[in-house]
Amino acid sequence: MIRISDIIDRISAYNPEADLGVVNQAYVYSARVHDGQVRLSGEPYLSHPLEVAGILAEMKLDTVSVVAGLLHDVIEDTHATADEVKDIFGPEVEHIVSGVTKLSVLPFENARARQAESIRKMLLAMADDIRVILIKLADRLHDMRTLEFHDQKTQTKIARETMDIFAPIASRLGIYWIKHELEDNSFKYLYPDDYNRISSLVSKGLAGREEYVQTVRQVIVQKLAEADLRGKVLGRHKKVYSIYNKMQTQNLPFDEIYDIIAFRIILDTVPQCYEVLGLIHALWKPIDIKFKDYIARPKPNMYQSLHTTVIGPKGARVEIQIRTYEMDNVAKSGIAAHWSYKEGNQVEDTVRDTFAWIQNIVENQEYTQGPDEFLENVRIDLFPDEVYVFTPTGEVKTLPKGATPVDFAYLIHTEVGNQCVGGKVNGRLVPLQYALQTGDIVEVVTQKNHHPSKDWLSFVKTVKAKSKIRQWVKIQEKERSLSLGREMCEKAFRKHKLNFNTQVKSEEMAAAVDYFGFKTLDDLIASVGYGKITPLQIIRRIGPKTDDAEGRESILNKLMGRVRKKKPKTGVVVKGVDDILIKFGKCCQPVPGDNITGYITRGFGVTVHRANCVNALKMSPERRIDVEWNTEASEAFPADFQVTSYDRVGLLADIVGCITKNEANILSANTKTGNDKHVESSFSVGVKSTEHLRRILASIRKIKNVHDVKRVG
């Protein structure tokens, strides 16, 4: 366990004028309030805030950050209060600690909603003070280092959240050493078989590669000396997850991943970087498509470097990065490299502007519906792979890869997006679905009184465009549903000899609005038009009381247009009722264990989708209904997966044998072998749960010549 003296030594090394007394004070306070608490590892709980503070000191942050790191769990996990922290350590520390505090103690409908709210709060605090996320990343980094002490279910949950949210945040902040460690640790728990396999393959040829690293390094050092250039030359192996990711994205077996080794050349000035680039290209043949100039065009997180891949000694591909010492510091620490170490100073405006995307995430959440859509939007913002386009006046705009003229229009202004009817790219009219390219000059064609189309949701890429279109669609659907709901209520009320227009003014109707959880009468009537409740439910609330059991039995049948009943003990139940027609979305094929949601389709029952299904997220949230897996059901559910492999005799028999051995029935199979002997096989099998499917996929991954197995849909 790191000691407080080690942390103080680190701070003194980079900031001799730091107020070390307050660091000691925070350590003593944290030790006192955490006294008696232990972690799952058996260590005193104090070891965790100490390790977090040590990581922050390693990042060379100011003492306020280190103090907040020592205190980051005291409000949530001890008797300490925010006011007490504020009184002792000041409002700045209290503000950061409150921003880091999780929401695990608050009640939510489910774990996914809790996760979404926790991340939402973190992003709000992060937009206000970037140090919140730096502490949160240090906290998550130590959690991942000690994840082995949790049970498997918790390991998978934390690792998935880390891979989806925290590693991308570290990447966007430019803190690559944290990004790589989070990715590798998450990969180890999410796909242990793949992690162990690649780790084993990397270690097998380690001795030979080390010798190769020394050979190439000596050649580069000699070339620098001949040109009278002084620089540092480093050789390193790529991380396990980085190798795995390359195998997946480029569909390559491990043996064909040539640039596992990468070199970094660090120099004093930018001109020297370009001079060394010329020396390297003169020495070894470059691969043109692999060259990237991030010095002339820095990444959004301020990362700068020259990247090139060459055919090095023995015909092997070698990746080389060339940068200055200042750029190397930014590459290692990202935004932390720009954080002032002096007390009381603020981050420069230029750095704040660079990370304006954080504020955009917050602003774009205003119209999100539920945790799934929120988390989808966060992921879109965290995986941006940007393109740079120009306005007609020459202003540069940044958009995610694949963005369209509609995305560009909404980036300019919401009204421009709403009235967009076309786009001109480089002077030529293009379809609205056109994918913009870096360097394009984009002009939006608008028309007054034009409105967004729901179809735009299928191709826009930015969260702002999606949010604004959904907002418009929601308003239109509410107006239509309000009209339809009123018509349905009037008809039903007449049938029960009641005057609807008279009843809407009654106290009973006001009570019914409250009972069903709506703010206004219009919301209640619109929900009838949406199909969420029926006029009969309202009549039962305001009219003479009838037998509740009879009411419950008829409500959903009325809602679905008297759909046929299903047999008992089916796989899914709707709000505790299991006699409704259930269909499963063919787009995502949910199986027990998946997070699911239901959507009402009048006359056709409830369609069940996986909670993160793209098609489900596009549907009107007002038609969403709670569903859950029936634990008593034992039927099999179809699940599709794809196997990528290299052809050999008996390969298909081995795959089929694995499926059969795991007691799954093959519903369909299709296999195609390319000219290069690569085989793409698609299977649909009947499984009982996600765990059952995971065992099948893990078993197939172990088969010789199988490169990748992944679930589709």
Side-chain angles (χ1 to χ4, degrees), residues 123-124 127 172 297 299-300 349-350 352-369 373-374 376-480 614 617-621:
L123 291 171
L124 284 167
R172 289 221 69 181
R297 184 180 288 154
K299 288 187 177 183
D349 289 340
T350 52
R352 290 191 185 279
D353 292 342
T354 301
F355 295 99
W357 60 269
I358 300 169
Q359 189 64 44
N360 292 338
I361 289 180
V362 174
E363 291 173 356
N364 288 331
Q365 303 318 312
E366 185 179 352
Y367 301 104
T368 56
Q369 297 287 335
E373 187 178 324
F374 168 75
E376 178 212 16
N377 290 349
V378 170
R379 289 191 185 101
I380 289 171
D381 276 326
L382 290 180
F383 292 96
D385 202 5
E386 279 115 339
V387 294
Y388 305 88
V389 298
F390 296 91
T391 66
T393 59
E395 186 180 354
V396 179
K397 296 291 182 182
T398 306
L399 288 162
K401 189 175 182 179
T404 66
V406 177
D407 293 291
F408 180 85
Y410 276 106
L411 184 65
I412 301 301
H413 194 276
T414 299
E415 280 307 307
V416 175
N418 286 343
Q419 297 178 10
C420 176
V421 293
K424 286 184 179 179
V425 174
N426 303 325
R428 294 186 300 106
L429 280 171
V430 295
L432 291 177
Q433 299 95 322
Y434 173 83
L436 299 173
Q437 307 295 319
T438 293
D440 282 346
I441 301 172
V442 188
E443 183 181 350
V444 180
V445 180
T446 60
Q447 180 179 311
K448 281 190 175 182
N449 300 320
H450 187 266
H451 303 299
S453 166
K454 190 175 182 178
D455 295 336
W456 291 1
L457 289 170
S458 64
F459 60 78
V460 293
K461 299 295 181 185
T462 60
V463 172
K464 182 174 183 181
K466 287 177 182 286
S467 299
K468 296 302 181 183
I469 296 166
R470 282 179 178 141
Q471 178 192 1
W472 173 262
V473 170
K474 180 182 176 183
I475 291 170
Q476 300 309 302
E477 286 193 349
K478 183 172 182 179
E479 290 176 358
R480 287 196 296 269
V614 174
L617 290 168
K618 291 178 184 176
M619 296 180 189
S620 171

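All values below were derived from every heavy atom in this structure, side-chain atoms included, with hydrogens, water molecules and symmetry-related copies excluded. Just so we're clear, the structure is a prediction, and the values are computed from it rather than from any experiment.
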*Closest approach of C420 to V444 (non-hydrogen atoms, all atoms of both residues)*: SG-CG1, 3.9 Å

*asked:* Checking V430 now: which residues fulfil side chain to side chain contact (heavy atoms under 4.5 Å, CB included) with it, not counting sequence neighbours?
replied: P405, V425, Y434

*When you look at L399 and K461, which way does the side-chain contact (heavy atoms from CB on, under 4.5 Å) test go after all the steps?*
CA-CA 9 Å; L399 288 162; K461 299 295 181 185; over 6 Å; no

*Measure from the side-chain N and O atoms of Q447 to the backbone N and O of V445, and report whether any donor-acceptor pair falls under 3.5 Å.*
no

*With sequence neighbours excluded, what pairs up with I412 under the side chain to side chain contact (heavy atoms under 4.5 Å, CB included) test?*
T391, K397, F408, V416

*Taking atom NZ of K466 and atom CD of Q471, what is their separation to the nearest 0.5 Å?*
15.5 Å

*Do D407 and T404 have side-chain atoms, one donor and one acceptor, less than 3.5 Å apart?*
yes

*Closest heavy-atom contact between I469 and S453?*
CG2-O, 3.7 Å

*Could you give all pairs that pass the side chain to side chain donor-acceptor pair (under 3.5 Å) test and reach residues 412-424, with sequence neighbours left out?*
Y410-N418, E415-Q419

*By ring pair (Phe, Tyr, Trp, His ring centres under 6.0 Å), which residues pair with H451, not counting sequence neighbours?*
W472

